[in-house]
Amino acid sequence: LPVGPTIFNERYTYVPSVMIFAGTMNFLFNEKRFANFNRNILMACIILTAILYAYKTNERSKVWNNSTVLWSDAVSKSPKAAHALNNLGDAYFNSGQIDSAIIYFTKAIEINPNYASALYNRGNAYGQTGKATEALVDLDRSIQFDPKRAEAYNKRGQANALTGHLDKAFEDFAKALALKPDYAEVYFNLGITYLNTNQKNQACENLRKAANMGFENAVKPLQQACN
């Protein structure tokens, strides 16, 4: 069965293929029609096949070394697969290679301009590099195609705050919390935004909520501003 956008997942065929192979060999050994067949030749074929499978499995396992290697391999085999390009970009992003991540998010979007996940990911990456205006464009489109993603509202709220659109920022944070009430990062972002606008009471309230939820980044500003 397809999993997400993936039509075929090879890892799900490993165990069934072993069972098919074992069943076939059992049939050949026990079927009367093959009683006169040279069992040594059959055994040699089985051993050679097993060696070949072991070699190919070992070679294939190297691709699973990390996400970047895995999705680079997927992209090399399916260069027009938007989800593979997006996932490769995500792997680069998670390893701190933001510029490379943006390249692959962009390629995914070029193939599928309505790809909400790639738009969100590129918008988030732009935000990480201080390109708040570019981030807003992508996050607006991401929300257009996937209006139930709390993370997109949170990141758009950050971008709106950075560009001075505070009313829109607070609206976005409220929408994020409506979708995901226990979203600690949103409380942190609310706290920082209130802090930057000299609204200390609201800042401390939200930073305290974030800290109580285990969001470590909230601890230091809470101690500095609210003690």
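- Linking ILVMFWY residues whenever their side-chain heavy atoms come closer than 4.5 Å, directly or via other members, leaves Leu162 and Ile192 in distinct clusters.
- The two residues Ala74 and Ala84 make their nearest non-hydrogen contact at CB-CB, 4.2 Å.
- When all heavy atoms of Ala169 and Ala161 are compared, the closest pair comes out as CB-N, 3.7 Å.
- Atom-to-atom distance recorded for Ser117:OG and Arg149:CZ is 4.5 Å, nearest 0.5 angstrom.
- The side-chain heavy atoms of Leu139 and Leu119, taken from C-beta on, include no pair separated by under 4.5 Å.
- Side-chain contact check for Arg208 versus Asn212: some heavy-atom pair is nearer than 4.5 Å.
- The side-chain heavy atoms of Lys155 and Glu185, taken from C-beta on, include a pair separated by under 4.5 Å.
- We find the CG-CG distance between Leu85 and Asp90 to be 12.5 Å, quoted to the nearest 0.5 Å.
- One distance of note links NE2 of His83 with CG of Asn112; it measures 12.0 Å at 0.5 Å rounding.
- Annotation: side chain of Lys180 is in contact with side chain of Asp182 (closest heavy-atom distance under 4.5 Å).
- A donor-acceptor pair is defined here as one N or O able to donate and one able to accept, closer than 3.5 Å; such a pair exists between the side chain of Arg141 and the backbone of Pro113.
- The two atoms that bring Phe188 and Asn217 nearest to each other are CE1-O, 3.4 Å, heavy atoms only.
- In this structure the side chain of Leu207 never reaches within 4.5 angstrom of the side chain of Tyr187, judged on heavy atoms.
- The shortest distance between side-chain heavy atoms of Leu190 and Thr193 does not fall below 4.5 Å.
- Electrostatic pairing of Lys175 and Glu171 does not count as a salt bridge here, judged by no charged N lying under 4.0 Å from a carboxylate O.
- At a threshold of 4.0 Å, the pair Asp73-Lys77 counts as salt-bridged, since one of the basic side-chain nitrogens sits closer than that to a carboxylate oxygen.
- Panel note: side chain Lys148, backbone Leu179; no donor-acceptor pair is recorded below 3.5 Å.
- Checked by atom type and distance alone, the side chain of Asn206 pairs as donor or acceptor with a backbone atom of Gln202 at under 3.5 Å.
- Under the 4.5 Å side-chain contact rule for hydrophobic residues, Tyr120 and Leu177 do not share a cluster.
- Considering CD1 of Ile103 and CZ of Arg122, their distance stands at 12.0 Å, rounded to 0.5 Å.
- Using bins of under 30°, 30° to 60° and over 60° for the plane-to-plane angle, the ring pair Tyr92/Tyr104 lands in the parallel bin.
- Tyr126 places a side-chain heavy atom less than 4.5 Å from the side chain of Asp138.
- Note on residues 138-198: no pairs pass disulfide bond (SG atoms under 2.5 Å apart), not counting sequence neighbours.
- Heavy atoms only, all atoms of each residue included: Ala125 and Ile98 are closest at O-CG2, 3.8 Å.
- Rounded to the nearest 0.5 Å, atoms CG (Leu136) and OG1 (Thr163) are 5.0 Å apart.
- For Asp167, the CG atom counts as loosely surrounded, since its 6.0 Å shell holds 12 or fewer non-hydrogen atoms of other residues, nucleotides or ligands.
- Residue Met213 is grouped with residue Tyr194 when hydrophobic side chains (ILVMFWY) are merged at heavy-atom distances under 4.5 angstrom, including chains of intermediate members.
- Ring pair Tyr115/Phe145: centre-to-centre distance not below 6.0 Å.
- Put simply, the side chain of Ser72 never gets that close to the backbone of Val69: no donor and acceptor are under 3.5 Å apart.
- No chain of hydrophobic side-chain contacts below 4.5 Å, direct or via other Ile, Leu, Val, Met, Phe, Trp or Tyr residues, connects Ile111 to Phe105.
- Counting non-hydrogen atoms of other residues, nucleotides and ligands closer than 6.0 Å to CD of Glu216 gives a total of 12 or fewer.
- Going from atom CG of Asn87 over to atom OG1 of Thr68 covers 11.0 Å, rounded to the nearest 0.5 Å.
- Taking all atoms of both residues into account, the shortest heavy-atom contact from Ala108 to Ala82 is CB-O, 3.4 Å.
- Considering only heavy atoms from C-beta on, Tyr183 comes within 4.5 Å of Glu151 through its side chain.
- The heavy-atom pair separating Ala116 from Ser142 by the smallest distance is O-OG, 3.0 Å.
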query: Under the side-chain contact (heavy atoms from CB on, under 4.5 Å) criterion, do Gln128 and Phe93 qualify, and how do the steps go?
result: CA-CA 10 Å; Gln128 292 289 321; Phe93 181 88; 3.8 Å; yes
